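Below: the structure, in structure tokens.
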Amino acid sequence: MRSFKTIATIAAGAALALSMTACSSSRDTTTEPGDDSSASTATSGGDLIGISMPTQSLERWNKDGAHLDDLLKQDGYETIVQFADNKPDQQISQIQNMINSGASVLVIAAIDGTTLSTVLEQAASQDITIIAYDRLINDTENVDYYATFDNYEVGQLQGNYIVDQLNLDDPATTGPFNLEPFAGSPDDNNARFFFSGAWDVLKPYVDSGKFVCPSNKCPASNDDWTQIGIQGWTTATAQSEMQNRLNSFYTGGAKVDVVLSPNDSLALGIEQALDGAGYTPGVDWPIVTGQDADEANVKNMLIDKQSMTVWKDTRTLGDQVAKMVDEIMTGAEVSVNDTETYDNGVKVVPTYLLPPQTVTKDTIESTLVQSGYYTADQLGI
Ligand code: BGC
């Protein structure tokens, strides 16, 4: 563990941090949603790590931000943690603040990676190391490392779960089953990987006729996923899209059998729409997939409104990124385990990939609870 180093210029940074927001330590600033901190004067501190998260409106990013912040502080670093309310401009100005505050490393979970080129150029000109967190940042050479869960595998787990549940590989299973696919936010690079992973599994069954798509929203190829993407990953948009599909294409007794949802925030909206349309868990409720093991969704799994979630233990991602930060700061070799997959359009970014995991109602206890991710009390079990 590193010892805490006092930085000569801390006073300037501390003054800045205090002016940004109420905070608990000299340069530890955690902003609230919508808080758009203004730029600051430069300092030359060497142990400051900036953590830029997309939003506090989704449970996972709060957990990600808090955990990484804790680890880095335990390692003796100062931190700035900011959440950008899903607004790319706000994220740019927050990163600008971190650069001006003298950050040595920036850990960024981008809202729209393509908007960050200019600010990252500025960071690179000041020798700041950039780690893309969870989401790759495209179209820039100024991203040094990437740490994430295997995004393609997330989609594969969702697709394989559906195939297994419906026993689609059994020649006796002919269906056809009504499938409604959704995809994530078109500006999020991960969404493409999630969809490709799932569609590589599911599309053959669309082609063979075991699946039909009453709404006609089954993309002809993996590249067409953006047409079913839900901008900003919002629950409300997913809900209204599902309501539209149900109202328009499921009249006269037709029922949806499967909803491919890439994550839990969308699944929640889809489940609300199913509720509103009179579907009953255990009777005619369709298979609904998800990702993130958000509390509300895990609770829905317990009452059979969601079939599975792909759990990405954000603590392990935080652990890995804190390790990479420390390796960068101490001049050690930075641990990566994939140097081929993640081409950001300019270069292949050295990546550390973590394995995602399927969780179903039957494994909530043995995974989420036993690992301490949730207490049984929290989940009401
Ligand atoms: C993350 C998912 C998350 C989604 C919405 C993606 O980039 O990998 O875990 O559900 O963003 O925030």
Side-chain angles (χ1 to χ4, degrees), residues 33 52-65 67-68 83-88 91 107-116 131-138 143 146-158 182-198 225-226 228-239 260-271 288-298 300 306 308-318 320-321 341-342 344 349 351-359 368 373:
S52 173
M53 291 282 138
T55 177
Q56 282 189 309
S57 67
L58 251 76
E59 187 184 322
R60 73 152 292 185
W61 301 116
N62 294 290
K63 283 192 166 133
D64 283 270
H67 182 61
L68 185 56
F83 296 84
D85 202 19
N86 263 336
K87 299 188 178 99
Q91 186 163 44
V107 178
I108 302 172
I111 298 163
D112 178 352
T114 59
T115 64
L116 298 179
I131 302 178
Y133 182 96
D134 193 84
R135 299 170 171 175
L136 184 58
I137 302 172
N138 281 327
V143 53
Y146 179 35
T148 191
F149 288 86
D150 189 329
N151 295 307
Y152 181 82
E153 194 185 337
V154 168
Q156 295 252 297
L157 291 174
Q158 294 166 340
F182 284 69
S185 191
D187 55 7
D188 178 350
N189 191 58
N190 286 355
R192 179 165 58 92
F193 284 91
F194 300 147
F195 188 75
S196 285
W225 68 274
T226 52
I228 52 163
I230 299 291
Q231 182 61 39
W233 295 97
T234 58
T235 299
T237 312
Q239 180 176 354
L260 171 70
S261 168
N263 88 334
D264 281 355
S265 62
L266 267 54
L268 209 54
I270 290 159
E271 289 151 17
V288 182
T289 60
Q291 168 186 195
D292 290 335
D294 283 349
E295 189 174 328
N297 297 74
V298 176
N300 270 359
Q306 184 168 320
M308 60 89 79
T309 192
V310 177
W311 181 36
K312 304 189 300 189
D313 188 340
T314 48
R315 296 169 301 184
T316 60
L317 183 56
Q320 176 58 30
V321 171
T341 310
Y342 286 94
N344 79 344
V349 182
T351 297
Y352 197 96
L353 279 182
L354 292 156
Q357 186 183 342
T358 295
V359 174
L368 301 175
Y373 199 72

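One-based numbering, in listed order, for ligands and for the atoms of each. All values reported here derive from a predicted model rather than from experimental measurement.
Residues Trp233 and Asp188 bring a donor and an acceptor atom of their side chains to less than 3.5 Å of each other. Donor-acceptor pairing under 3.5 Å is recorded for the side chains of Asn190 and Asn151.
You'll find the ring centres of Trp311 and Tyr373 inside the 6.0 Å limit.
For residues 53-62, the salt bridge (charged side-chain N to carboxylate O under 4.0 Å, His left out) pairs, not counting sequence neighbours, are Glu59-Lys63, Arg60-Asp64, Arg60-Asp134.
Scanning for salt bridge (charged side-chain N to carboxylate O under 4.0 Å, His left out) contacts around Asp150 gives an empty result, with sequence neighbours left out. Annotation: salt bridge (charged side-chain N to carboxylate O under 4.0 Å, His left out) contacts of Asp264 (sequence neighbours excluded): none.
For a heavy-atom separation below 4.0 Å, the residues in contact with ligand 1 are Leu58, Arg60, Trp61, Asp134, Arg135, Asp188, Asn190, Phe194, Trp233, Asn263, Gln291, Asp292, Lys312.
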